[in-house]
Structure formats: structure tokens, C-alpha cells
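Position 1 is the first residue of the sequence, and the numbers go up from there. Basis for what follows: all heavy atoms, side chains included, without hydrogens, waters or symmetry-related copies.
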Amino acid sequence: MDIVIGLGKQGKSVVVSSHVLHEVQTLTQNIVLMNRGRLVAEGNIRDIRDLIDQHPHRIVLVCSNFRRLAVVLAAWEDVEGLTIQPKERSVIAETRSPDLFYGRLPELATSDGLVIDEVYSEDDNLEAVFKYLVKS
């Protein structure tokens with residue numbers, strides 16, 4: 001990986017063929033995604049991620065008071081679905097407006113007295129992007 005990164009810093013292009021997409025994502029922000037010999041997408045990872053905005057983004061929020069959190073999130077217009085996971089003390093929110101959703105989280109955590117222990121999205125990685133794009 002160090003050699004590939006070094007070549008890239010020298011301005012050279014390197015072709016890496018891999019099914020281990022999280023490793024590819026650490027090497028570069030510019031990619032070409034192919035599936036069965038067909039070009040699926042190419043360009044900057046963030047730009048490609050924006051291609052799948054027609055699919056709801058799943059955002060996981062871990063909170064000790066996860067049921068109250070779900071009630072609050074259910075009132076948000078951009079939240080299209082919620083899944084409560086009692087064993088994980090979490091709520092999975094589905095939204096088509098992740099930037100708006102993430103932008104409201106700090107205020108939610110301070111105004112409603114909810115302590116959100118963790119926030120993450122399994123949809124915000126190259127593997128998820130690829131899966132969405134090849135389903136289409």
C-alpha cells in the first residue's frame with residue numbers, strides 16, 4: 001500500500017483491482033467501479049456516493065433511551081423509516097437527506113436531554129455504494 005500511495009503522490013496513475021473495497025477507499029478518492037465487465041461508476045467517491053441519494057441512508061444511533069429517541073425522530077419530516085434494536089440500545093433511521101439529518105443531531109442531543117453514545121452509517125462506505133449501484 002505504501003508503494004501505491006507513493007506512486008500516486010508522484011503523480012502517477014496506478015490501477016488496483018480489488019474486491020476489498022474498504023482498502024481501495026484508503027488508497028484513493030478517485031475510483032472506477034465495474035461489475036461483470038460493465039462500468040458502474042467512475043470519479044470521486046463522494047460524487048459517486050451522491051448518485052445513490054434516491055435510496056434512503058440508514059443511520060444508526062446508539063442511546064440508552066432509544067425508545068424516546070425513536071419518538072423524536074419519527075416527527076422529523078425527512079425520516080422515512082425507523083427500526084428499533086433493543087439489544088443494541090439503538091435506532092436505525094432511514095433518510096434521503098443525510099446532511100440535514102446529521103445537522104440536527106447536536107441540537108437534538110442538547111435540547112431533548114438525550115445522550116447519544118454513538119452515530120454511524122454502514123451506508124457511508126464504498127462497499128454500500130457498490131451494492132446500491134449494482135442493484136439498479
Count I, L, V, M, F, W, Y as connected when their side-chain heavy atoms are under 4.5 Å apart, and connections chain through other members. Are [X] and [Y] then in the same cluster?
X: Leu82; Y: Ile59; answer: yes
X: Val60; Y: Ile116; answer: no
X: Leu114; Y: Val119; answer: yes
X: Val134; Y: Ile48; answer: yes
X: Tyr102; Y: Leu73; answer: yes

Self-check item: Results of ring pair (Phe, Tyr, Trp, His ring centres under 6.0 Å) for Phe101 - residues two or more places apart only
Solution: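 If we apply the ring pair (Phe, Tyr, Trp, His ring centres under 6.0 Å) test to Phe101, skipping adjacent residues, the hits are Trp76.
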Quiz prompt | salt bridge (Lys or Arg N to Asp or Glu O under 4.0 Å) partners for Glu118, two or more places apart | solution = none
Quiz item: Mind checking what makes salt bridge (Lys or Arg N to Asp or Glu O under 4.0 Å) contact with Asp117, not counting sequence neighbours?
Solution: Arg89
Quiz item: Below 4.5 Å, heavy atoms only, C-beta onward: do Val91 and Thr83 meet side chain to side chain?
Solution: no
Exercise. Report yes if some heavy atom in the side chain of Pro98 is under 4.5 Å from a heavy atom in the side chain of Leu100; otherwise report no.
Key: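 Sidechains of Leu100 and Pro98: no contact.
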Quiz item: Passes side-chain contact (heavy atoms from CB on, under 4.5 Å), Gln85 versus Ile92? Steps please.
Solution: CA-CA 8 Å; Gln85 301 183 110; Ile92 300 174; 3.5 Å; yes
Exercise. Taking side chain to side chain donor-acceptor pair (under 3.5 Å) as the test, write out the residues that go with Glu42, two or more places apart.
Key: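 Expected list: none.
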Practice problem: Go through the structure and list residues passing side chain to side chain donor-acceptor pair (under 3.5 Å) with Ser97, not counting sequence neighbours. | Solution: none
Quiz item: Going by the ring-ring contact (aromatic ring centres under 6.0 Å, His included) test, which pairs reach into residues 77-100, not counting sequence neighbours?
Solution: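 The answer is none; no pair qualifies.
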Just distance, no hydrogens or angles: give the donor-acceptor pairs under 3.5 Å from side chains in residues 28-35, sequence neighbours left out.
residue	atom	partner	partner atom	Å
Thr28	OG1	Asn30	N	3.0
Thr28	OG1	Asn30	O	3.3

Quiz item: Do other residues, nucleotides or ligands put more than 12 heavy atoms under 6.0 Å from the CG atom of Leu39?
Solution: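 Yes, the 6.0 Å shell around CG holds more than 12 heavy atoms from other groups.
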Practice problem: Count the heavy atoms of every other residue, nucleotide or ligand shown that sit under 6.0 Å from CD of Gln10, and state whether that count exceeds 12. | Solution: yes
Quiz prompt | Point-to-point distance, once rounded to the nearest 0.5 Å, from CD of Glu94 to CG of Asp78 | solution = 12.0 Å
Practice problem: Mark yes or no for whether Thr95, through its side chain, and His57, through its backbone, hold a donor-acceptor pair below 3.5 Å. | Solution: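 A pair under 3.5 Å: no.
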Quiz item: Of all residues at least two apart in sequence or in a different chain, which pass the side-chain contact (heavy atoms from CB on, under 4.5 Å) check with Val14?
Solution: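 Only Val4, Leu7, Val16 meet the side-chain contact (heavy atoms from CB on, under 4.5 Å) criterion with Val14.
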Quiz item: Going by the salt bridge (Lys or Arg N to Asp or Glu O under 4.0 Å) test, which pairs reach into residues 58-77, not counting sequence neighbours?
Solution: Arg58-Asp123
Exercise. Taking only Lys NZ, Arg NE, NH1 and NH2, and the carboxylate oxygens of Asp or Glu, determine whether Lys9 and Asp2 approach each other closer than 4.0 Å.
Key: no
